Participant: 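Before anything else, here's the structure in question.
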Amino acid sequence: MALENSVFPSRPDSLSLPVEEKGEGEEVEVATDVTASTGVFNLSEELGHVVTTETAPTPPTSAKVNRSFQAKLAEREAKANQPRKKTQGTEKERGRFGWARTRRKRQRYVEKNGRCNVQHGNMRETYRYLTDIFTTLVDLNWRCSLFVFVMAYAVTWLFFGAIWYLIAYCRGDLDHLEDETWTPCVNNVNGFISAFLFSIETETTIGYGHRVITDQCPVGTMLLLLQAILGSMVNAFMVGCMFVKISQPNKRAETLVFSKHAVISLRDDKLCLMFRVGDLRSSHIVGANMRAKLIKSKQTQEGEFIPLDQTDISVGFETGDDRLFLVSPLVISHEIDAHSPFWDMSQAQLEKEDFEIVVILEGMVEATGMTCQARSSYLAEEVLWGHRFSPMMSLAEGFFDVDYGAFHHTFEVDTPSCSARELSLAAARLDAHLYWSISSRLDEEPTLANQAAKQPDSGSANSKGGEPTFIVGEMTDIQEQSGLGELNGSVATDQSESEA
């Protein structure tokens, strides 16, 4: 009430709606007649900031319709059966005083389909692309590649066709078309179109036989050799670019799938980060190798801010588990130990962290022998704590059946919400407690034996008639001395016999 009085010194009339009171057993109806001057007050997160907006007068509502109980129940069931719409883009989050505020979703460094979300700008040394023109043409999209492919042949045909026409024009072949005694440079070239067709026939080595070069034109002979050589180079270059572009293993990565979520659960009493990878094709990836990177911005001790710092995540490099035999789907595991970047991360801290895990699968395509790389990524909200992947392989009659319908399925398991460090310390304290409890019990046993030995001594002094008492398992001083003497005597005897 104090907050309300401080923010709103006087309650406006627009916030108080008139209520009509009725007798007992009757419903209370709220009046809907609102004047045009009614204002709606919107309250932002910063208290004290009130915005008043004028609204148009609302028309009076119709009379109340009495519906049956069955109609209300049917409407409620219909609303319950409707699929819930998932909000995309921004996520709602409760802030101060319970008001909803928008949380900006983290920008991905690598998309789920493997595309790197990085654009290079302000590049001034663009000439470097021309030094590697072959790779530049291969990296172009298909529209640009086909345009370059068509223009390369069209330009060369037009260029040499124009030269053939220029030779015929300069020699005067076009002026002696009807003169049978005149020997032209190229027979049956009577214009630019015919010269262009002769250029196509020469470069593509079609040779219809109607247009042919004569031996009376040395310039034409040199041009014919030059066009044949350049035409072969253009064919080799363009056909090579198209072949490499067609045979690129980028599409092979489309059949290498990663799970939608990564999970964290216990494996052999240790927290592990796990994700699943599979190959949809029957042709395998030879020499498959798995790598993982943690993308997270950090600040050094000197105050330097490093955006998108990359930290290696071990997935079995030391033990060789990163080399996969990818015949069936596999679950890749990262053990969270002291060298892991998730060593101090608990379940509560995971919900607040902002990072991205990039997973990379490399291997050689069995059909083509070319290297293929598949990529994917997991954001912090895509890592499920306390989950495990559902099994998807079963034994059928004569073979193993893999159900890819359960590839992305997970189920909850009992997992401690503490970090791996805290779990390790708890296990160490438990081991230390067991060790000291066992050792303390071992130390107590000699004291108990001494106490048991003293009790008979005190009882013998108080015994009647001087009855002797026997102590089992112990020797008196005389027995010990006699025993030592016997041992020494036997040793001396053995030494004397050896000397004799």
Side-chain angles (χ1 to χ4, degrees), residues 85-93 102-123 135-136 138-145 245-264 273-281 285 288-298 306-313 315 322 324 326 329-334 341-342 350-363 365 370-385 387 389 404 407-410:
K85 296 182 180 180
K86 296 182 179 180
T87 57
Q88 298 179 356
T90 58
E91 300 177 355
K92 293 294 183 180
E93 187 181 69
T102 58
R103 178 185 177 185
R104 187 176 62 87
K105 191 175 181 180
R106 188 186 191 279
Q107 183 66 44
R108 286 186 178 273
Y109 188 66
V110 176
E111 299 291 342
K112 296 294 286 185
N113 58 1
R115 185 181 64 87
C116 297
N117 195 11
V118 177
Q119 294 184 0
H120 302 281
N122 196 18
M123 294 182 298
T135 306
T136 302
V138 171
D139 291 339
L140 292 177
N141 53 28
W142 276 105
R143 288 184 179 180
C144 297
S145 297
K245 190 171 183 63
I246 292 173
S247 61
Q248 273 186 328
N250 296 337
K251 297 302 179 181
R252 180 64 178 89
E254 297 293 334
T255 54
L256 297 173
V257 292
F258 295 88
S259 58
K260 294 181 180 178
H261 297 88
V263 298
I264 294 179
L273 171 70
M274 293 171 285
F275 58 92
R276 181 179 276 171
V277 60
D279 188 5
L280 302 180
R281 288 188 179 272
I285 297 293
N289 186 20
M290 177 62 66
R291 294 185 292 122
K293 293 284 186 180
L294 176 65
I295 309 299
K296 182 181 178 181
S297 302
K298 74 171 187 178
I306 303 177
L308 302 178
D309 181 63
Q310 299 184 11
T311 305
D312 187 59
I313 300 176
V315 289
D322 60 334
L324 310 178
L326 197 59
L330 299 176
V331 176
I332 310 301
S333 176
H334 162 66
F342 308 107
L350 175 64
E351 299 175 356
K352 303 177 183 179
E353 285 291 334
D354 187 11
F355 61 85
E356 183 176 356
I357 301 173
V358 179
V359 292
I360 304 170
L361 175 63
E362 293 180 342
V365 182
M370 303 183 70
T371 303
C372 173
Q373 185 181 91
R375 297 180 294 267
S376 185
S377 66
Y378 301 98
L379 297 178
E381 55 266 20
E382 295 174 348
V383 180
L384 304 180
W385 189 286
H387 283 245
F389 286 105
Y404 274 94
F407 184 82
H408 302 286
H409 290 178
T410 61

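Note that the numbering runs from 1 along the sequence shown for the chain. These numbers come from a predicted model, not from an experiment.
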Participant: Taking all heavy atoms of Val257 and all of Glu254, pick out the closest pair and write down the distance.
Facilitator: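 Here Val257 and Glu254 meet closest at CG1-O, 4.4 Å.
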Participant: Looking at CD1 of Ile295 and OG of Ser377, how far apart are the two atoms once the value is rounded to the nearest 0.5 Å?
Facilitator: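 That separation rounds to 9.5 Å.
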Participant: What residues, two or more places apart in sequence or in another chain, satisfy salt bridge (charged side-chain N to carboxylate O under 4.0 Å, His left out) together with Arg276?
Facilitator: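 Arg276: no salt bridge (charged side-chain N to carboxylate O under 4.0 Å, His left out) contacts found.
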Participant: What I'd like to find out is whether the side chain of Lys293 reaches to under 4.5 Å of the side chain of Tyr109, using heavy atoms alone.
Facilitator: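 The answer is no; the side chains never approach within 4.5 Å.
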Participant: For residues Pro249 and Cys372, report the shortest heavy-atom separation together with the two atoms involved.
Facilitator: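 Distance-wise, the nearest heavy atoms are O-SG, 3.6 Å.
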Participant: Could you check Arg108, Gln107, Glu353, His261 and say which one makes a side-chain contact (heavy atoms from CB on, under 4.5 Å) with Leu379?
Facilitator: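 By the side-chain contact (heavy atoms from CB on, under 4.5 Å) criterion, Leu379 pairs with just one of Arg108, Gln107, Glu353, His261: Arg108.
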Participant: In Å, rounded to the nearest 0.5 Å, how long is the span from CD1 of Ile285 to CD of Glu362?
Facilitator: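 Reported to 0.5 Å precision, the distance equals 11.5 Å.
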Participant: Hey, could you give me each pair passing salt bridge (charged side-chain N to carboxylate O under 4.0 Å, His left out) that has a residue in residues 111-123? Not counting sequence neighbours.
Facilitator: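 Sorted pair list: Glu111-Arg115, Lys112-Glu382.
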Participant: What closest approach, in Å, do Ser297 and Pro307 show between heavy atoms, and which atom pair accounts for it?
Facilitator: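 Nearest pair, atom of Ser297 first, then Pro307: OG-CA, 3.5 Å.
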Participant: Do Leu256 and Gln373 come within less than 4.5 Å of each other through their side chains, counting heavy atoms only?
Facilitator: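 Result no, sub-4.5 Å side-chain heavy-atom pair not found.
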Participant: Out of curiosity, Asn289 CG to Asp322 CG, how far, rounded to the nearest 0.5 Å?
Facilitator: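 Separation between the atoms: 5.0 Å.
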Participant: How long is the span from the CZ atom in Phe389 to the CZ atom in Phe407, to the nearest 0.5 Å?
Facilitator: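 Result: 7.5 Å between the selected atoms.
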Participant: Atom NZ of residue position Lys260 - does it have more than 12 heavy atoms of other residues, nucleotides or ligands inside 6.0 Å?
Facilitator: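 Incorrect, the count does not exceed 12.
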Participant: What distance do Ile313 atom CD1 and His334 atom NE2 have between them, rounded to the nearest 0.5 Å?
Facilitator: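 If we round to the nearest 0.5 Å, Ile313:CD1 and His334:NE2 are 5.5 Å apart.
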Participant: Quick one: closest heavy-atom pair of Ala292 and Asp312, and the distance?
Facilitator: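 Shortest heavy-atom contact: O-OD1, 3.5 Å.
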Participant: Using side-chain contact (heavy atoms from CB on, under 4.5 Å), reason through Met274 and Ser259 one step at a time and then give a plain yes or no.
Facilitator: CA-CA 10 Å; Met274 293 171 285; Ser259 58; over 6 Å; no
Participant: For Leu324 and Met290, work out which heavy atoms get closest and say how close.
Facilitator: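 Result for this residue pair: CD1-CB, 4.1 Å.
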Participant: Only one of Thr311, Leu308, Asp309 passes side-chain contact (heavy atoms from CB on, under 4.5 Å) with Lys298; say which it is.
Facilitator: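 Checked Thr311, Leu308, Asp309 against Lys298; only one passes side-chain contact (heavy atoms from CB on, under 4.5 Å): Asp309.
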Participant: Check the pair Trp142, Lys245 against side-chain contact (heavy atoms from CB on, under 4.5 Å), reporting the backbone distance first and the verdict last.
Facilitator: CA-CA 9 Å; Trp142 276 105; Lys245 190 171 183 63; 3.8 Å; yes
Participant: For Val110 and Ile360, what are the C-alpha separation, side-chain angles and deciding distance, and is it a side-chain contact (heavy atoms from CB on, under 4.5 Å)?
Facilitator: CA-CA 11 Å; Val110 176; Ile360 304 170; over 6 Å; no
Participant: Please round to the nearest 0.5 Å and tell me the distance separating atom CG of Leu350 and atom CD of Glu381.
Facilitator: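 Leu350 atom CG to Glu381 atom CD measures 9.5 Å (nearest 0.5 Å).
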Participant: Would you please name every residue forming a ring pair (Phe, Tyr, Trp, His ring centres under 6.0 Å) with Phe342, sequence neighbours left out?
Facilitator: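 With sequence neighbours excluded, Phe342 shows a ring pair (Phe, Tyr, Trp, His ring centres under 6.0 Å) to Phe355, given in chain and number order.
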Participant: Take Val359 and Ile332, measure what side-chain contact (heavy atoms from CB on, under 4.5 Å) needs, and give me the verdict at the end.
Facilitator: CA-CA 10 Å; Val359 292; Ile332 310 301; over 6 Å; no
